[in-house]
Amino acid sequence: MALLREPLLAAARSPRLRSVAEKSRLTRPVVDRFVAGSTEADALRVTAELEAAGLYVSLDFLGEDTTSAEQAEHTVAAYESVLKGLAASGSAERAEVSVKLSAIGQALPGDGERIALDGARRICQAAATVGTTVTIDMEDHTTTDSTLGIVAQLRADFPWVGAVLQAYLKRTEADCRELATAGSRIRLCKGAYAEPESVAFVGEEVEESYRRCLSVLFAGKGYPMVASHDPAMIAAARSLAVQNNRASDSYEFQMLYGIRPEEQRALAAGGHRMRVYVPYGDEWYGYFMRRLAERPANLAFFLRSLASKK
Ligand code: FDA
């Protein structure tokens, strides 16, 4: 099954497959396991349901690799709107947003980084207004320096902005040491993109790196956000929390919507902060393909629903 990871991640970047898949209504039932729905109302409804079950939420308006300033603007406006919606529905205390900088213009030629920084600032301002936070997702390794640079600039005004570090990158343990400072919210994940071996660990090395990074983050002064469905990583974080005398509100666990939902509820019931990453919107293709690459078990069902479109 590991052999499927590379082709699935390559397919995740194909505009042609994206367009066929996103237009096919038949793929939707498969996708809906991982995505809250198309609309802001869907996102708010699922947020309320998860909050009622004692969970925290990070909402992700789906989209990435934006190719126009208009599309970037549309995404920023969607975030401003959903943040107002969270406040109006009384959900802002437990729900934040996650933002991909490529969705708000980071890769646009010329002044893409400035466009993304301006857009992210507007989203942070909207979050500050309603009393919640923003986490900036991490994409492939070619964007890491640019993304951490933008996070640093955002933190000058909004110190609660979360950064994401990916344990599969060889640089990440050093990044953890640098970023584990007071108040620094760091989401640690394994990493979801196809990366060359020159920059990334493979196989069990990724888990070993994840453990080393967890040790740095839990011993540091920041706020670790343990983003993994892997029982071994969760157990490692739990024992590090005990070893470092961490109060239960000084770190949190995070999982993706639709993946191990019983475990999400069990951790929350056990007194842990558990945040669910909830994607919504129509541009689900890249996100969904990365989930298939992690677990190809759903692939046959998905391909059947695409083929029967004709
Ligand atoms: P792994 O994939 O090894 O899975 C461990 C176990 O979890 C499996 O054995 C299975 O039991 C279960 N499981 C995992 N995937 C499943 C699935 N699709 N369906 C059913 N069960 C499954 N990545 C990134 O590069 N940048 C980012 O910004 C983020 N952001 C992010 C936020 C949050 C909240 C999470 C949880 C994850 C991310 N990721 C991410 C994705 C992350 O890098 C990684 O690809 C996935 O979390 C899968 O890695 P795990 O640590 O879960 O382990």
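All ligand and atom numbering here is 1-based and tracks the order in the structure. What you see is a predicted model, and the numbers here were worked out from it, not measured in a lab.
- When only non-hydrogen protein atoms are considered, atom 10 (C) of ligand 1 lies nearest to Arg295 NH1, 3.5 Å.
- Contacts with ligand 1 closer than 4.0 Å are made by no heavy atom of Glu195, backbone or side chain.
- In this structure, atom 26 (N) of ligand 1 lies nearest to the protein heavy atom Met138 O, 2.8 Å.
- Near Gln254, meaning under 4.0 Å from one of its heavy atoms, ligand 1 places the atoms 34 (C), 36 (C).
- Judged by distance alone, the side chain of Arg275 and the main-chain N or O of Tyr56 form no donor-acceptor pair under 3.5 Å.
- The shell of residues lying under 4.0 angstrom from ligand 1, judged by heavy atoms, excludes Glu252.
- Residue Met255 has no nitrogen or oxygen atom sitting less than 3.5 Å from a nitrogen or oxygen atom of ligand 1, judged on distance alone.
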Report task. Go through Glu207 and Arg211 one step at a time and tell me if the salt bridge (Lys or Arg N to Asp or Glu O under 4.0 Å) criterion holds. Result -> CA-CA 6 Å; Glu207 271 103 58; Arg211 289 174 197 275; over 6 Å; no

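- Trp160 and Phe158 have tilted rings, their planes meeting at an angle from 30° to 60° on a 0 to 90° scale.
- With ligand atoms numbered from 1 in the order given, ligand 1 contributes 44 (C), 45 (O), 46 (C), 48 (C) to contacts under 4.0 Å with heavy atoms of Glu294.
- Between Lys84 and Glu80 there is no salt bridge, since no side-chain N of the basic residue sits under 4.0 Å from a carboxylate O of the acidic one.
- Salt bridge Arg18/Asp65: absent, no basic N to carboxylate O contact under 4.0 Å.
- Against a heavy-atom cut-off of under 4.0 Å, Ala192 is close to the following atoms of ligand 1: 23 (N), 24 (C), 25 (O), 43 (O), 45 (O).
- Close contacts of ligand 1 with Asp137, meaning ligand atoms under 4.0 Å from a residue heavy atom, involve 28 (O).
- Ring geometry for Phe253 against His272 counts as perpendicular: the plane angle is over 60°, on a 0 to 90° scale with 30° as the lower cut.
- Annotation for ligand 1: atoms under 4.0 Å from non-hydrogen atoms of Gly191 are 25 (O), 42 (C), 43 (O), 45 (O).
- The protein does not reach atom 4 (O) of ligand 1 closely, with no heavy atom under 4.0 angstrom from it.
- Between Lys100 and Glu283 there is no salt bridge, since none of the side-chain N atoms of the basic residue sits less than 4.0 Å from a carboxylate O of the acidic one.
- Annotation: atom 6 (C) of ligand 1 to nearest protein heavy atom, His229 O, 3.8 Å.
- Side-chain atoms of Ser91 do not come within 3.5 Å of backbone N or O of Leu86 as any donor-acceptor pair.
- Atoms of ligand 1 found under 4.0 Å from any heavy atom of Ser228, numbered from 1 in the order shown, are 50 (P), 51 (O), 52 (O).
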Query raised in the report: Checking ring-ring contact (aromatic ring centres under 6.0 Å, His included) for the pair Tyr257/Phe34: CA distance, chi angles, key distance, verdict?
Result: CA-CA 6 Å; Tyr257 179 68; Phe34 300 104; 8.6 Å; no

Report task. Go through the steps to decide whether Glu73 and Arg122 satisfy the test salt bridge (Lys or Arg N to Asp or Glu O under 4.0 Å), and finish with yes or no. Result -> CA-CA 10 Å; Glu73 171 59 32; Arg122 278 170 50 200; 2.9 Å; yes

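- From the protein, the heavy atom lying nearest to atom 25 (O) of ligand 1 is Gln166 NE2, 2.8 Å.
- With a 4.0 Å heavy-atom cut-off, ligand 1 is reached by no atom of Glu139.
- The Arg33 neighbourhood of ligand 1 comprises atoms 19 (N), 20 (C), with distances under 4.0 Å to a heavy atom of that residue.
- Numbered from 1 in the order shown, with element, the atoms of ligand 1 that lie under 4.0 Å from a heavy atom of Arg291 read 18 (N), 41 (C).
- If you check which protein heavy atom lies closest to atom 13 (N) of ligand 1, you get Ile259 CG2, 3.9 Å.
- Geometrically, Arg291 engages Tyr287 in a cation-pi contact defined by less than 6.0 Å to the ring centre and at most 45° from the axis.
- We find the CE-CZ distance between Met233 and Arg238 to be 14.5 Å, quoted to the nearest 0.5 Å.
- Both the backbone and the side chain of Leu256 come within 4.0 Å of ligand 1, counting heavy atoms alone.
- Contact annotation: for Tyr193 versus ligand 1, heavy atoms closer than 4.0 Å belong to the side chain alone.
- Using a 4.0 Å cut-off between a side-chain N of Lys or Arg and a carboxylate O of Asp or Glu, Glu51 and Arg94 do not qualify as a salt bridge.
- Looking from atom 38 (C) of ligand 1 to the surrounding protein, the closest heavy atom is Cys189 CB, 4.1 Å.
- The residue among Arg187, His141, Lys190, Arg290 with a heavy atom at the shortest distance from atom 53 (O) of ligand 1 is Lys190.
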